[in-house]
Amino acid sequence: MQTRLVTATAWAATLVATLASLPAHAATPARPPNAEHGWVTSTLRHMSLEQKVGQLFATYVYGGDAVDPSATDRAANLAAFGVETPAEVIERYHLGGVCYFSWSHNLDSPRQIATLSNGLQQAALGDGAKGRVPLLISTDQEQGAVVRMPSPAAQFPGSMALGAGRSAQAARTAAEVTGRELRAVGIRQPYAPIADVNVNPGNPVIGVRSFGADPTLVADLTAAQVTGFQDRAGVTAAAKHFPGHGDTATDSHTGLPVINHSRAEWDRIDAPPFRRAIRAGVDTIMTAHIVVPALDPSGDPATLSPTILTGVLRGELGFRGVIVTDALNMAGVRAKYGDERVPVLALKAGADQLLMPPSLALARDAVLRAVATGELTERRIDESVRRILGVKYRQGLARSPLVDVEKAVRTVGAPEHLAAVTRVTDPTLTAVRNDAGVLPLPHADRSVLITGWDSAAFAPVATVAAGFTARGARATARPATLPSDATIAATASQAAEHDLTVVLVNKAWDTAVTDPRATQQRLVAALLSTGKPVVVVAVRDPYDIAYLPGVTTYLATYSYTRAAMDALVRALHGELSPSGRLPVTIPKAEGAGSVLYPYGHGLSW
């Protein structure tokens with residue numbers, strides 16, 4: 001694939017100078033429409049039915065190398081797919097796509113990821129025989145709460161933080177930089193952006209993954225990210241989760257949610273971001289395993305609903321791109337039908353790309369059997385394969401499926417990308433409460449305890465403590481993630497000996513038995529009982545303050561990335577004036593429509 005040649009130095013200078021000056025990046029040179037049509041038609045003509053059906057599936061494979069995975073990964077592949085190596089999985093099933101995860105050991109370093117991508121593409125292409133086509137490699141790089149690419153990749157703060165920043169330009173830049181890094185290592189399909197409007201504070205699965213609760217804001221930022229991913233970075237955006245997963249109290253990974261919006265409410269709340277994504281030219285839309293009776297009273301999840309996918313998404317909204325299912329191993333799509341029926345019903349509903357069935361062999365064979373019996377026609381299979389091949393052509397995969405490994409190493413985590421992370425993150429920090437006037441803090445020789453929720457990947461407690469130390473404080477880092485009663489008592493005792501405590505909380509509102517985060521509520525209460533100043537920081541959902549009575553100093557960062565924690569420390573010390581505004585309403589704990597802090601609230605100093 002030929003791309004516009006720009007030196008790294010010149011491009012870096014352009015990016016650092018101003019967000020607005022980022023040039024549009026075309027993934028491939030402009031081509032007449034008949035070129036794509038010709039390649040797709042010729043490729044399809046030379047494919048067997050098994051090869052066509054293989055193109056419909058995208059799934060994980062175990063291992064960090066296409067032909068030489070570890071013994072553990074060989075065993076995992078053998079158990080899941082009947083062969084030992086990722087390359088053999090591709091060859092056996094004629095896979096159209098692969099989705100990378102950390103748990104499947106695909107993501108270690110830029111060099112390793114790029115090498116894996118090249119190995120998988122070589123397996124897909126084989127010896128160049130007709131009917132062999134390149135892979136569409138994907139991952140869930142939403143940023144913020146859902147991150148797959150490890151350090152040194154640029155880690156932006158996530159959707160709700162961008163909603164707090166209110167900048168379409170910043171959202172576009174975050175998508176562009178993320179997309180450039182993904183493309184460099186061979187990942188051409190990030191499953192992002194999130195187009196769900198999070199109007200339910202108790203939503204257990206979306207939350208900060210959404211840009212916010214206002215449909216117009218979510219639509220604006222969704223469209224901006226589609227442009228950033230596709231037009232500027234040259235990767236395929238996937239707006240999700242259609243028809244809208246923002247008002248549910250059930251996680252579709254573990255159950256089948258029901259969205260009780262009326263048709264008018266769906267049109268007003270859930271539809272606008274998807275309409276804007278389609279107008280922006282989004283190539284892919286991902287389905288949700290949710291029931292929406294106002295759109296389809298059958299009780300089928302949207303993934304399996306012809307009324308929703310073909311009738312609403314294609315017919316009413318006019319979407320002509322690839323419809324990809326959410327993972328088919330999730331409980332929400334398996335609740336009503338057996339695993340052998342789900343892929344067939346998804347195709348009959350209008351889906352094109354079938355993501356992660358619980359048994360790839362069972363799903364593949366079910367689709368082949370449906371064609372043999374006439375339940376599905378080969379013509380219907382061809383329709384989906386054409387759409388998938390069209391995306392691959394527009395990605396340049398037909399001409400250049402491999403990546404430059406050394407360029408990938410230089411691109412991922414490049415200094416100009418990390419500088420963009422800081423610029424995008426800083427305006428998202430939201431100060432919600434500062435009643436006692438504790439903030440901003442002076443640089444001083446004081447003792448400070450940093451405690452609360454922590455992450456092994458990002459170490460936010462240590463990051464904040466290091467920031468205080470750099471400003472002359474005597475800071476102690478004491479992580480207390482979902483602490484026991486003994487840990488709470490010991491932490492409170494230690495806090496009593498310090499001048500100030502900063503405590504990080506993560507979904508402290510969620511007190512489900514399977515996730516007893518009420519321990520965080522008890523920790524904060526114990527810290528407040530010391531009588532010493534306590535600064536509470538929500539590093540995920542901003543709703544926590546409603547469940548933390550007595551807190552007078554509270555900030556929301558929406559994520560716990562290093563950039564978010566650096567911005568927090570600077571804001572606490574008055575070096576950065578908080579400018580983020582709540583992209584959601586924070587209700588009182590008792591609910592019933594009562595408002596604790598309204599949409600748009602935010603303090604500065």
Side-chain angles (χ1 to χ4, degrees), residues 47-140 148-150 182 185-189 191 324-325 327-330 334 339-340 342-343 353-369 388 392 397 401-403 405 408:
M47 296 174 72
S48 68
L49 177 61
E50 284 198 3
Q51 288 173 322
K52 293 176 184 178
V53 171
Q55 284 296 302
L56 306 178
F57 288 96
T59 193
Y60 56 88
V61 290
Y62 291 98
D65 187 274
V67 296
D68 189 24
S70 69
T72 299
D73 289 326
R74 284 179 178 274
N77 283 321
L78 189 62
F81 307 111
V83 292
E84 292 188 340
T85 71
E88 290 172 314
V89 177
I90 305 301
E91 293 162 355
R92 168 172 284 199
Y93 295 95
H94 310 292
L95 275 183
V98 167
C99 189
Y100 286 170
F101 294 94
S102 297
W103 53 260
S104 54
H105 308 143
N106 307 136
L107 301 164
D108 180 40
S109 69
R111 183 179 300 280
Q112 172 270 318
I113 300 168
T115 301
L116 172 63
S117 296
N118 284 346
L120 295 180
Q121 293 290 9
Q122 289 164 344
L125 294 169
D127 58 4
K130 291 181 178 180
R132 305 295 290 273
V133 296
L135 291 165
L136 188 59
I137 299 175
S138 60
T139 198
D140 289 302
R148 307 300 186 213
M149 283 278 284
L182 293 175
V185 297
I187 299 171
R188 303 292 184 98
Q189 186 182 40
Y191 289 134
V324 57
T325 71
L328 297 182
N329 60 9
M330 294 166 60
R334 303 170 73 187
D339 290 343
E340 75 283 358
V342 167
Q353 190 179 45
L354 306 173
L355 180 62
M356 293 172 56
S359 168
L360 181 57
L362 179 70
R364 186 270 316 269
D365 292 347
V367 174
L368 289 171
R369 188 164 51 251
I388 293 166
K392 292 182 178 184
L397 290 168
L402 304 184
V403 297
V405 175

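Side-chain atoms are counted along with the backbone in the values below, which use heavy atoms only and exclude waters and symmetry mates.
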Answer whether the closest heavy-atom distance between the side chains of [X] and [Y] falls below 4.5 Å.
X      : Y      : value
Pro69  : Pro86  : yes
Tyr93  : Gln51  : no
Arg334 : Pro358 : yes
Gln122 : Leu402 : yes
Arg148 : Asp140 : yes

Using 0.5 Å steps for rounding, measure from the [atom1] atom of [X] to the [atom2] atom of [Y].
X      : Y      : atom1 : atom2 : result
Leu397 : Leu125 : CG    : CG    : 9.0 Å
Glu50  : Asp365 : CD    : CG    : 8.5 Å
Leu116 : Ile137 : CG    : CD1   : 7.0 Å
Thr139 : Gln189 : OG1   : CD    : 10.5 Å
Ile187 : Leu135 : CD1   : CG    : 12.5 Å
Leu362 : Asp339 : CG    : CG    : 6.5 Å

Please report the closest heavy-atom contact between [X] and [Y], naming both atoms and the distance.
X      : Y      : value
Val367 : Pro343 : CG2-CB, 4.1 Å
Val403 : Asn118 : N-OD1, 2.8 Å
Arg188 : Pro401 : NH2-O, 4.4 Å
Asn106 : Ser104 : OD1-OG, 2.6 Å

| query | Passes side chain to side chain contact (heavy atoms under 4.5 Å, CB included), Asp73 versus His105? Steps please. | reply | CA-CA 8 Å; Asp73 289 326; His105 308 143; 2.7 Å; yes
If only atom types and distance count, is the side chain of [X] paired as donor or acceptor with the main-chain N or O of [Y] below 3.5 Å?
X      : Y      : result
Gln121 : Ser117 : no
Arg132 : Ala123 : yes
Asn77  : Val83  : no
Glu91  : Gly126 : no

| field | Thr115, Ile113, Leu107 screened by side chain to side chain contact (heavy atoms under 4.5 Å, CB included) with Val185, the one that passes | value |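 Result for side chain to side chain contact (heavy atoms under 4.5 Å, CB included) with Val185: Ile113.
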Considering only distance and modelled atom types, tabulate donor-acceptor pairs under 3.5 Å from the side chains of residues 55-66, sequence neighbours left out.
residue : atom : partner : partner atom : Å
Gln55   : OE1  : Lys392  : NZ           : 2.7
Asp65   : OD1  : Val67   : N            : 3.0
Asp65   : OD1  : Asp68   : N            : 2.7

| said: When you compare the side chains of Glu88 and Thr85, does any donor N or O come within less than 3.5 Å of an acceptor on the partner? | reply: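 Indeed, the side chains of Glu88 and Thr85 share at least one donor-acceptor pair under 3.5 Å.
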